[in-house]
*Asks:* 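Once you've had a glance at the structure underneath, I'll fire off some questions.
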Amino acid sequence: MDPKKRSTDKAAQEMIGHMAEAGQQNAWDRLEAQSPQCGFGKLGVCCRFCSMGPCRIDPFGEGPQFGVCGADVDTIVARNFLRAVAAGTSAHSDHGRSVAEVFLAAARGEAPDYQFKDTVKLYKVAEELGVETKDRSVNEIAEDIGKIALAEFGKSQGHQLMAQRAPKPRQEIWQKLGITPRAVDREVVEALHRSTMGVDQDYKNIIMHASRTALADGWGGSMLATELQDILFGTPYPGRGEVNLGVLKEDEVNIIVHGHEPILSEMIVAASQDKDLLAEAEKAGAKGINVAGICCTANELLMRHGVPIAGNFLNQELAVATGAVELMAVDVQCVMQGLAEVAKCFHTKLITTADKGKILGVKHVPMEEKTALNTAKELVKIAIENYTSRGQVNIPDGKERVVIGFSHESINYMLGGKYRASYRPLNDNIINGRIRGVAGIVGCTNPKVPQDFTHTTLAKELIKQDVLVLTTGCATIACGKQGLTNPKEALELAGPGLREVCEAVGIPPVLACGSCVDNSRLLVACTEIVREGGLGEDISEIPVAGACLESISEKAIAIGQYFVSSGALVIFGEQFLPVSGSKNVSDYLFGGIEKDLGGRWAVESDPVKAAEMILEHIESKRDALGINVKAERKLYDMADRRALSVE
Ligand code: BF8
Ligand code: SF4
């Protein structure tokens with residue numbers, strides 16, 4: 001297939017071409033081999049939750065309409081949806097738990113390589129969690145925070161503490177519906193229980209629990225992951241960086257860190273700056289050690305250390321195929337097993353580091369908190385030793401300059417300055433209409449659609465219409481690759497109102513807010529807009545929307561459901577939300593749920609149409625707030641008419 005149909009990224013196209021010439025397989029080729037994919041699965045109408053099945057419902061109404069147990073299509077589709085939300089929640093929250101464990105170990109002096117970099121946030125979170133700070137050391141405070149945070153995943157009573165950050169009316173909605181999230185583990189276990197054979201067989205009841213589970217992710221596991229990472233590794237502030245395969249260096253030892261938990265990658269970055277290792281690299285004939293990231297780990301590192309990004313999800317195999325990567329260290333999530341096969345064609349050492357994420361036949365070097373830096377040094381050494389084994393190298397030229405690192409705190413600071421940091425300027429500019437509203441663009445890259453196309457097209461359409469865009473995950477990297485997070489290039493594409501505000505503040509119109517767990521930053525940003533005043537009392541009232549038009553992961557479905565349950569409109573690429581097999585479930589998720597929760601799902605695969613939907617939604621919210629005051633009708637005189645006429 002023509003590489004241009006596979007990716008809109010020129011550097012990726014070049015590598016796809018090289019791989020095809022060399023007869024090497026990647027995700028696009030494997031997708032072709034899998035086609036046509038199962039139509040029942042796409043609709044969400046198959047069930048294999050017990051051994052009377054697997055069962056499937058005939059979507060045309062001619063064949064069976066019930067599973068062996070009598071489950072109807074609504075139950076089956078809703079159960080599949082719930083399990084996707086539970087799996088996505090587990091992924092983010094297990095990541096959060098790992099961070100909490102390292103956090104606690106660091107507080108107790110058992111993880112000597114980690115220190116608390118953001119003590120301002122440490123005190124703030126301590127206050128929120130009711131931890132005494134007076135006359136206590138940072139480590140004592142951190143130990144209490146760590147214990148409370150760790151308990152949030154498995155406590156037997158009470159609700160997620162971070163959920164108290166949500167606007168009060170939002171919390172009341174959750175209480176009324178009985179979906180205030182409890183312990184993360186409990187919600188996930190209950191989701192699996194409810195969806196086993198013979199338990200929850202009322203699709204709305206199932207979806208309500210999907211909301212509670214997803215809320216435990218957004219306002220629980222993910223939010224804790226973000227907050228604890230910020231305290232440990234530093235809260236991101238805007239900085240410059242570079243994105244795309246062109247960041248790999250022909251004359252340096254290239255190390256790629258890929259996955260999600262910065263616990264590993266932070267140490268590899270530290271090890272790559274070690275003087276002795278740099279000297280060893282030089283001895284091996286390299287000019288230096290170049291660490292670059294892929295996927296969410298990449299966002300974490302660029303935001304905090306300016307470490308370049310080699311690409312998003314679909315770039316992982318392409319990076320190895322450059323022949324320039326000495327070592328790729330992976331931890332958890334979004335790591336393709338296909339990497340192992342591609343790596344066999346090159347000198348690249350692929351190494352797994354998380355005990356819960358091994359790949360058969362791939363070397364495993366476990367990362368433990370007590371010895372983290374030493375393990376990282378060991379990995380860097382392996383990379384240096386491997387430098388001389390390089391064969392032919394094909395690094396594409398493509399790379400873009402980006403400005404990245406918009407945490408909720410830094411947006412606050414950028415907008416208001418050090419002494420009057422606040423969301424007031426943003427709210428004022430939304431109220432006066434220079435900025436119409438705010439849209440979150442999140443998600444992955446999927447070989448079913450040309451890489452990066454939907455995210456970037458949607459972002460361009462929205463900024464053109466004066467909508468401020470916040471992005472996370474692989475969508476951020478997609479926007480970065482096309483210059484949309486570079487103020488110089490992107491402001492040219494923005495509408496006049498948005499451009500004026502961004503120029504005054506010095507920010508791009510597309511703000512890179514981090515990894516997928518950092519979608520919790522967007523929840524906090526929405527809450528801050530409400531708190532600042534003038535735009536309603538709840539997230540459901542403010543002119544915001546979210547979109548994930550390109551997705552691969554159950555994590556994205558969990559994210560979508562927590563935004564819907566927090567009151568937002570979420571637009572998903574149609575083929576990535578497998579619920580259309582049930583009219584009742586679809587009608588509820590796309591409509592009825594709004595009455596209960598104030599937010600809803602919508603599906604649209606065309607980014608231009610998705611932008612129209614978002615704009616319509618934003619304008620309807622503005623109308624409801626009464627801030628769409630029509631401009632006064634102007635009676636033109638002859639001078640005005642002359643000025644308007646085009647020669
Ligand atoms: O958690 S955006 S492909 S890397 S799932 Fe994965 Fe999707 Fe990328 Fe990060 Ni998020
Ligand atoms: Fe079939 Fe019901 Fe078993 Fe699912 S739970 S596999 S629908 S019998």
Side-chain angles (χ1 to χ4, degrees), residues 27 40 44-57 64-80 83-84 87-96 194-201 206 217 221-222 225-226 257-262 265 293-301 309-316 330-336 440-448 451-452 454-455 471-480 512-520 547-560 572-573 576 581:
F40 295 100
V45 296
C46 47
C47 177
R48 48 179 184 77
F49 295 168
C50 90
S51 43
M52 290 188 284
C55 303
R56 59 193 193 189
I57 306 299
Q65 294 302 298
F66 303 99
V68 178
C69 66
D72 62 16
V73 74
D74 303 333
T75 298
I76 291 175
V77 169
R79 281 196 306 216
N80 284 328
R83 284 214 170 181
T89 299
S90 309
H92 288 143
S93 296
D94 216 29
H95 166 172
R194 282 181 185 234
S195 53
T196 56
M197 188 264 142
V199 187
D200 206 348
Q201 290 156 110
I206 295 170
D217 176 3
S222 281
T226 296
V257 280
H258 170 24
H260 283 76
E261 296 176 356
S265 46
I294 295 256
C295 279
C296 281
T297 276
N299 285 320
E300 302 272 7
L301 288 183
I309 292 182
N312 47 14
F313 178 71
L314 282 173
N315 281 65
Q316 57 188 285
V330 300
D331 55 18
V332 289
Q333 300 171 28
C334 304
V335 176
M336 289 194 206
I441 299 182
V442 313
C444 322
T445 57
N446 187 315
K448 291 180 180 178
Q451 185 187 14
D452 302 337
T454 63
H455 299 312
T471 64
T472 60
C474 288
T476 300
I477 302 174
C479 290
C513 299
S515 65
C516 284
V517 292
D518 290 335
N519 280 307
S520 63
C548 174
L549 304 188
E550 204 176 333
S551 152
I552 59 150
S553 173
E554 292 152 319
K555 290 183 280 176
I557 298 181
I559 292 166
F572 232 63
F576 306 123

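The model shown is predicted, which means the values in this text are computed figures rather than measured ones. Both ligands and their constituent atoms are indexed starting at 1 by order of listing.
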*Asks:* Which protein non-hydrogen atom lies closest to atom 3 (Fe) of ligand 2, naming both residue and atom, and how far is it?
*Replies:*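 Nearest protein contact, heavy atoms only, for atom 3 (Fe) of ligand 2 is Cys50 SG, 2.3 Å.
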*Asks:* Could you list which atoms of ligand 2 come closer than 4.0 Å to a heavy atom of Met197?
*Replies:*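 In order of number, 5 (S).
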*Asks:* Working to the nearest 0.5 Å, report the span between OG1 of Thr226 and NE2 of His92.
*Replies:*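 NE2 of His92 is found 9.5 Å from OG1 of Thr226.
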*Asks:* Looking at CD of Gln201 and CG of Asp74, how far apart are the two atoms once the value is rounded to the nearest 0.5 Å?
*Replies:*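 That separation rounds to 12.0 Å.
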*Asks:* For Thr472 and Asp518, what are the C-alpha separation, side-chain angles and deciding distance, and is it a side chain to side chain donor-acceptor pair (under 3.5 Å)?
*Replies:* CA-CA 7 Å; Thr472 60; Asp518 290 335; over 6 Å; no
*Asks:* Considering non-hydrogen atoms of the protein only, which is the closest contact for atom 3 (S) of ligand 1, and what is the distance?
*Replies:*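 The closest heavy atom on the protein side is Cys444 CB, 3.4 Å.
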*Asks:* Can you name the closest pair of heavy atoms from Val77 and Gly44 and give their distance?
*Replies:*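 Taking every non-hydrogen atom into account, CG2-O, 3.3 Å.
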*Asks:* Relative to ligand 1, is His260 under 4.0 angstrom through side chain, backbone, both or neither, heavy atoms considered?
*Replies:*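 Only the side chain of His260 comes within reach of ligand 1.
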*Asks:* If you count the atoms of ligand 1 from 1 in the order shown, which ones are under 4.0 Å from a heavy atom of Cys516?
*Replies:*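 Matching atoms, with element in brackets: 1 (O), 2 (S), 9 (Fe), 10 (Ni).
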*Asks:* If I take atom CD1 from residue Ile309 and atom SG from residue Cys295, how far apart are they, to the nearest 0.5 angstrom?
*Replies:*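 Rounded to the nearest 0.5 Å, the CD1-SG separation comes to 10.0 Å.
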*Asks:* Taking atom CZ of Arg48 and atom CZ of Arg56, what is their separation to the nearest 0.5 Å?
*Replies:*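 It comes to 14.0 Å.
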*Asks:* So if I count the atoms of ligand 1 from 1 in the order they appear, which ones are less than 4.0 Å from some heavy atom of Ser553?
*Replies:*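 Matching atoms, with element in brackets: 5 (S).
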*Asks:* List the closest protein heavy-atom neighbour of atom 1 (Fe) of ligand 2: residue, atom name, distance to the nearest 0.1 Å.
*Replies:*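 Protein heavy atom with the smallest distance to atom 1 (Fe) of ligand 2: Cys55 SG, 2.3 Å.
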*Asks:* Could you list the atoms of ligand 1 found under 4.0 angstrom from a heavy atom of Phe313?
*Replies:*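 That gives atoms 3 (S) of ligand 1.
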*Asks:* Going by distance only, is there an N or O of Lys555 that falls short of 3.5 Å from an N or O of ligand 1?
*Replies:*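 Yes.
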*Asks:* Please could you name the atoms of ligand 1 that Cys474 approaches to less than 4.0 Å, counting only its heavy atoms?
*Replies:*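 Counting atoms of ligand 1 from 1, those under 4.0 Å from Cys474 are 2 (S), 3 (S), 4 (S), 8 (Fe).
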*Asks:* Which heavy atom in His455 sits nearest to a heavy atom in Val442, and how many Å separate them?
*Replies:*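 So the two residues come closest at CE1-O, 3.4 Å.
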*Asks:* Between Asp452 and Ala478, what is the shortest heavy-atom contact and its length?
*Replies:*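 In this case the closest contact between Asp452 and Ala478 is OD1-CB, 3.3 Å.
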*Asks:* On a heavy-atom basis, which atom in Thr476 and which in Gly514 lie closest, and how many Å separate them?
*Replies:*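 Nearest heavy atoms, Thr476 then Gly514: OG1-O, 4.0 Å.
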*Asks:* Counting backbone and side chain alike, does Cys47 bring an N/O/S atom below 2.8 Å of atom 4 (Fe) of ligand 2?
*Replies:*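 Under 2.8 Å: Cys47 contacts atom 4 (Fe) of ligand 2 through an N, O or S atom.
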*Asks:* I'd like to check Phe313 versus Met336 (side-chain heavy atoms, cut-off strictly below 4.5 Å). Are they in contact?
*Replies:*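 Yes, at least one pair of side-chain atoms sits under 4.5 Å.
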*Asks:* Only heavy atoms of Gly443, strictly under 4.0 Å: list the atoms of ligand 1 that pass.
*Replies:*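 Counting atoms of ligand 1 from 1, those under 4.0 Å from Gly443 are 2 (S).
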*Asks:* Which atoms from ligand 1 have a heavy atom of Cys295 less than 4.0 Å away?
*Replies:*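 What qualifies from ligand 1 is 4 (S).
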*Asks:* When you look for heavy atoms under 4.0 Å from ligand 1, do you find them on the side chain of Ile552, its backbone, both, or neither?
*Replies:*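 Ile552 to ligand 1: side-chain contact only, backbone stays beyond 4.0 Å.
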*Asks:* Run down the list Cys69, Cys46, Ala71 and name the one with the heavy atom closest to atom 2 (Fe) of ligand 2.
*Replies:*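 Shortest heavy-atom distance from atom 2 (Fe) of ligand 2: Cys69.
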*Asks:* Identify, for atom 6 (Fe) of ligand 1, the protein heavy atom at the shortest distance, and state residue, atom and that distance.
*Replies:*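 Ranked first by proximity to atom 6 (Fe) of ligand 1 is Cys334 SG, 2.2 Å.
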*Asks:* Between ligand 2 and Gln201, can you find any atom pair, the residue atom being a heavy atom, that is separated by under 4.0 Å?
*Replies:*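 Judged by the 4.0 Å heavy-atom criterion, Gln201 does not count as contacting ligand 2.
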*Asks:* Taking side chain as C-beta onward, heavy atoms only, is Val332 less than 4.5 Å from Glu261?
*Replies:*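 When only atoms from C-beta onward are counted, Glu261 and Val332 do touch, with a gap below 4.5 Å.
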